[in-house]
Q: 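For reference, the structure I am asking about is given below.
First listed ligand is number 1; within each ligand, the first listed atom is number 1.
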Amino acid sequence: MSGGMNFELTEDQELIRKSVAELAGKFDDHYWMTKDQAHEFPQEFYDAIAGGGWLGMTIPEEYGGHGLGITEATILAEEVARSGGGMNAASAIHMSIFGMQPVVVFGSDAMKAETLPRIVNGDLHVCFGVTEPGAGLDTSRITTFAKRDGDSYLVNGRKVWISKALESEKILLLTRTTPRDEAAKPTDGLTLFFTDLDRDHVDIRPINKMGRNAVSSNELFIDDLRVPAEHRIGEEGKGFKYILHGLNPERMLIAAEALGIGRVALDRAVKYANERVVFDRPIGMNQGIQFPLADSLARLDAAELILRKATWLYDNGKPCGREANMAKYLCADAGFAAADRALQTHGGMGYSEEYNISRFFRESRLMKIAPVSQEMILNFLGANVLGLPKSY
Ligand SMILES: Cc1cc2nc3c(=O)[nH]c(=O)nc-3n(C[C@H](O)[C@H](O)[C@H](O)COP(=O)(O)OP(=O)(O)OC[C@H]3O[C@@H](n4cnc5c(N)ncnc54)[C@H](O)[C@@H]3O)c2cc1C
């Protein structure tokens, strides 16, 4: 083999792909449709993933995990979405798979010992609270405030869109400890906690939304929530730095989920295009149907390549901001386009719930908005990679 470049997965990575596909494949379309329509958390699926030991795949071995990298995590995420579980499946486990990075990297030994083994065995459900009604992409504008009071902090404020809060025992909570206008930089003075979502002091209200309804997204009204100082991650005022650390791998994970939905939508479209006969021939014989599907295959494969490069760079400790952002951008775009074309291929049946295509369509749309919008990715590439004037 000639030096360095290698596009093959290792044997272990292939095994992960195969095992996860097999396990996720046990949950069929009917399961996901029912959970989505009932707005019910997919506990059986979550338990199966936990039972297979997969929740701990990136958690260090000393806490019961497998200590694997983002490459393996994205393989899992793609297969889970591709099984037809889509974002309902991926979001049910997303936080456990890589979202605990701020705790793993910056948390105290006591915090890690207390919480990480419970992530691995599936017993501890967690959510991530950043977004607020007055602060979306501009995180420095958050106003949820943690006021130091002896050995603890008293937290007040509001969060919005917090996925899985309804089912979660704990929250990774980003707060302000210094008002924005008193901090040296807008992103200074933010403090991150990993603490209990105490229902006596946090009112959690699910948001009615377009899709991915098996996993809730919620508004949080936080009223005098007392948080012990030991629940703080790292130093006071450095919270932004701690969440930044996890943003690139999060983009890769989301990219993989978008890719998985795109691939399942494309598979379903191909099957339908071969079977559905109109004007005495399978609709897939028409280039008007065939070409968009072939084009989607090319775009999904190309998006996957940049994702693989991004995960390889991250796992090898190299800078990966450019590739992580591109992977999220291109996978979200290719995934949604594939779902849209699958819908067109199914004609009226695409619009029904029966074929699940409308579910893929709604879910794949999400990744163009969250956790970071396509526009913010272009902002990043324009300013930080191309060197154009910062526009925001
Ligand atoms: C289903 C779902 C689940 C979510 N889960 C979570 C969660 O678990 N935890 C959490 O903290 N958050 C969560 N979010 C929130 C999500 O991260 C935000 O919605 C996202 O970051 C976008 O922020 P925003 O909605 O406030 O958009 P805004 O910041 O209000 O932006 C609105 C639009 O304007 C565009 N825009 C703004 N400024 C510029 C600019 N300078 N140049 C070009 N375009 C610009 C944006 O790209 C976007 O399209 C979730 C959201 C959804 C929909």
Side-chain angles (χ1 to χ4, degrees), residues 36 39 41 81 86-102 125-144 157-168 170-176 186 190 192-194 197 202 204-222 239-240 242-244 246-247 250-251 253-255 257-258 261 325 328-329 332-333 335-336 359-384 386 388-392:
D36 194 55
H39 293 209
F41 187 76
M87 289 309 282
N88 280 322
S91 301
I93 57 171
H94 181 106
M95 266 303 289
S96 309
I97 299 294
F98 218 82
M100 294 302 288
Q101 279 305 296
H125 289 264
V126 293
C127 61
F128 194 28
V130 177
T131 309
E132 297 186 2
L137 294 161
D138 185 358
T139 305
S140 76
R141 297 278 168 191
I142 68 163
T143 55
T144 294
R158 257 175 90 182
K159 294 280 171 190
V160 72
W161 284 117
I162 310 312
S163 293
K164 223 186 133 179
L166 212 54
E167 295 85 9
S168 292
K170 285 183 189 285
I171 181 169
L172 267 169
L173 180 64
L174 191 69
T175 64
R176 269 221 166 270
L190 298 173
L192 186 64
F193 296 96
F194 187 43
L197 208 42
V202 185
I204 303 173
R205 299 187 198 161
I207 299 168
N208 275 324
K209 59 188 192 308
M210 177 174 168
R212 206 208 63 189
N213 279 313
V215 180
S216 66
S217 292
N218 306 275
E219 254 190 295
L220 266 50
F221 299 83
I222 307 171
F240 191 73
Y242 305 144
I243 63 164
L244 265 192
L247 288 189
E250 152 118 287
R251 276 162 207 194
L253 209 56
I254 286 283
E257 293 164 5
I261 298 202
N325 278 282
K328 187 272 173 188
Y329 181 80
D333 204 51
F336 176 69
R359 183 164 58 82
F360 300 147
F361 177 84
R362 293 192 298 269
E363 292 178 8
S364 63
R365 187 63 181 80
L366 174 59
M367 276 76 84
K368 293 176 78 159
I369 304 169
V372 61
S373 68
Q374 300 294 78
E375 292 80 13
M376 280 312 285
I377 301 246
L378 295 178
N379 275 333
F380 173 87
L381 295 176
N384 296 29
L386 290 177
L388 290 164
K390 188 173 166 180
S391 66
Y392 59 101

Q: Please work out, at 4.0 Å between heavy atoms, whether the side chain, the backbone, both, or neither of F128 comes within that distance of ligand 1.
A: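 It is the backbone that gets close, since no side chain atom is under 4.0 Å.
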
Q: Does V372, backbone or side chain, put an N or O under 3.5 Å from an N or O of ligand 1?
A: no

Q: Considering heavy atoms of the protein only, find what lies nearest to atom 20 (C) of ligand 1 and give residue, atom and distance to 0.1 Å.
A: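 Of the protein heavy atoms, I369 O, 3.8 Å lies nearest.
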
Q: If you take all heavy atoms of A214 and N88, which pair is closest and at what distance?
A: N-OD1, 3.0 Å

Q: So, E132 side chain and I142 main chain: donor-acceptor pair closer than 3.5 Å or not?
A: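 Pair absent, no side-chain N/O of E132 close to backbone of I142.
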
Q: Name the closest protein heavy atom to atom 36 (N) of ligand 1, giving the residue it belongs to and the distance to 0.1 Å.
A: L137 CD1, 4.5 Å

Q: When you compare the side chain of I261 with that of M367, does any pair of heavy atoms fall below 4.5 Å?
A: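 They are in contact (side-chain heavy atoms under 4.5 Å apart), so the answer is yes.
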
Q: Can you tell me which residue and heavy atom of the protein come closest to atom 44 (N) of ligand 1, and the distance to 0.1 Å?
A: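 The closest one turns out to be E375 CB, 3.4 Å.
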
Q: Looking at side-chain heavy atoms only, is the closest gap between K368 and D333 below 4.5 Å?
A: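 The answer is yes, as the side chains (C-beta and beyond) meet within the 4.5 Å cut-off.
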
Q: Just to be sure I read this right, does ligand 1 sit under 4.0 Å from the backbone of L366, its side chain, both, or neither, counting only heavy atoms?
A: side chain

Q: Please work out whether the ring planes of F361 and F336 are parallel, tilted or perpendicular, with thresholds of 30° and 60°.
A: tilted

Q: Give a yes or no answer on whether the side chain of K164 reaches the backbone of M95 with a donor-acceptor pair at less than 3.5 Å.
A: no

Q: Hey, does the side chain of K159 reach the backbone of F128 with a donor-acceptor pair shorter than 3.5 angstrom?
A: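 Not confirmed, K159 side chain does not pair with F128 backbone.
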
Q: May I ask you to check whether S391 has an N/O atom sitting below 3.5 Å from an N/O atom of ligand 1?
A: no

Q: Strictly less than 4.0 Å: does any protein heavy-atom distance to atom 30 (O) of ligand 1 fall in that range?
A: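 So atom 30 (O) of ligand 1 lacks protein heavy-atom neighbours under 4.0 Å.
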
Q: Between the side chain of R359 and the main-chain N/O of G211, is any donor-acceptor distance below 3.5 Å?
A: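 The answer is no, because no donor-acceptor pair under 3.5 Å joins these two groups.
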
Q: When you measure from atom 41 (N) of ligand 1 to every protein heavy atom, which one gives the shortest distance, and what is it?
A: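 Checking every protein heavy atom, the shortest distance to atom 41 (N) of ligand 1 gives Y392 CB, 3.3 Å.
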
Q: Side chain, backbone, both or neither: which part of D138 has a heavy atom under 4.0 Å from ligand 1?
A: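 D138 to ligand 1: no contact under 4.0 Å from either part.
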
Q: Has R205 got a side-chain atom pairing as donor or acceptor with E219's backbone, closer than 3.5 angstrom?
A: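 No.
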
Q: May I ask you to identify the nearest protein heavy atom to atom 52 (C) of ligand 1, giving residue, atom name and distance to one decimal place in Å?
A: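 So the nearest neighbour among protein heavy atoms is W161 CE3, 3.6 Å.
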
Q: Is there a protein heavy atom less than 4.0 Å away from atom 34 (O) of ligand 1?
A: no

Q: I'd like to know if atom 39 (C) of ligand 1 has any protein heavy atom within a distance of less than 4.0 Å.
A: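 Within 4.0 Å: no protein heavy atom nearby.
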
Q: Would you say A370 and ligand 1 have an N/O pair spaced under 3.5 Å apart?
A: no

Q: List the closest protein heavy-atom neighbour of atom 42 (N) of ligand 1: residue, atom name, distance to the nearest 0.1 Å.
A: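 Minimum-distance protein heavy atom for atom 42 (N) of ligand 1 reads N379 ND2, 3.3 Å.
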
Q: Going by heavy atoms in the side chains, are L220 and L197 under 4.5 Å from each other?
A: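 With C-beta onward as the side chain, the pair touches.
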
Q: How far apart are the closest heavy atoms of P186 and S140, and which atoms are they?
A: O-CB, 3.5 Å

Q: Here's a test for you: under side-chain contact (heavy atoms from CB on, under 4.5 Å), which of I377, N384, N379 qualifies with L381?
A: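 Of the listed options, the one satisfying the test is I377.
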
Q: What are the atoms of ligand 1, with element, lying closer than 4.0 Å to any heavy atom of I162?
A: 7 (C), 8 (O), 9 (N), 10 (C), 11 (O)

Q: Is there at least one protein heavy-atom neighbour under 4.0 Å from atom 50 (C) of ligand 1?
A: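 Yes; the ligand atom in question has protein heavy-atom contact below 4.0 Å.
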
Q: Which atoms form the tightest heavy-atom contact between E363 and R212, and what is the distance?
A: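 Nearest heavy atoms, E363 then R212: CG-N, 3.9 Å.
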
Q: Side chain, backbone, both or neither: which part of S163 comes within less than 4.0 Å of ligand 1 when only heavy atoms are counted?
A: both

Q: Heavy atoms, side chains only, cut-off 4.5 Å: are I162 and I204 in contact?
A: no

Q: If you scan the protein for heavy atoms around atom 23 (O) of ligand 1, do you find one that is closer than 4.0 Å?
A: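 Protein heavy atoms within 4.0 Å of atom 23 (O) of ligand 1 - there is at least one.
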
Q: Starting from atom 18 (C) of ligand 1, find the nearest protein heavy-atom neighbour and note its residue, name and distance.
A: T131 OG1, 4.2 Å

Q: Testing the basics here: between I243 and L174, what is the closest heavy-atom pair and its distance to 0.1 Å?
A: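 So the minimum-distance heavy-atom pair works out to CD1-CD2, 3.9 Å.
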
Q: Starting from atom 26 (O) of ligand 1, locate the nearest protein heavy atom and write down its residue, its atom name and how far away it is, to 0.1 Å.
A: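 Among all protein heavy atoms, the one nearest atom 26 (O) of ligand 1 is G136 CA, 3.0 Å.
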
Q: Does the N or O separation between R212 and ligand 1 drop below 3.5 Å for any pair?
A: no

Q: N/O to N/O below 3.5 Å, does that happen between S373 and ligand 1?
A: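 N/O-N/O distance under 3.5 Å: yes.
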
Q: Which option wins on minimum heavy-atom distance to atom 21 (O) of ligand 1: G99, S91, P371?
A: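 Result: the heavy atom closest to atom 21 (O) of ligand 1 is in P371.
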
Q: Going by the atom numbers of ligand 1, which of them fall below 4.0 Å from some non-hydrogen atom of S217?
A: 1 (C), 2 (C), 3 (C)

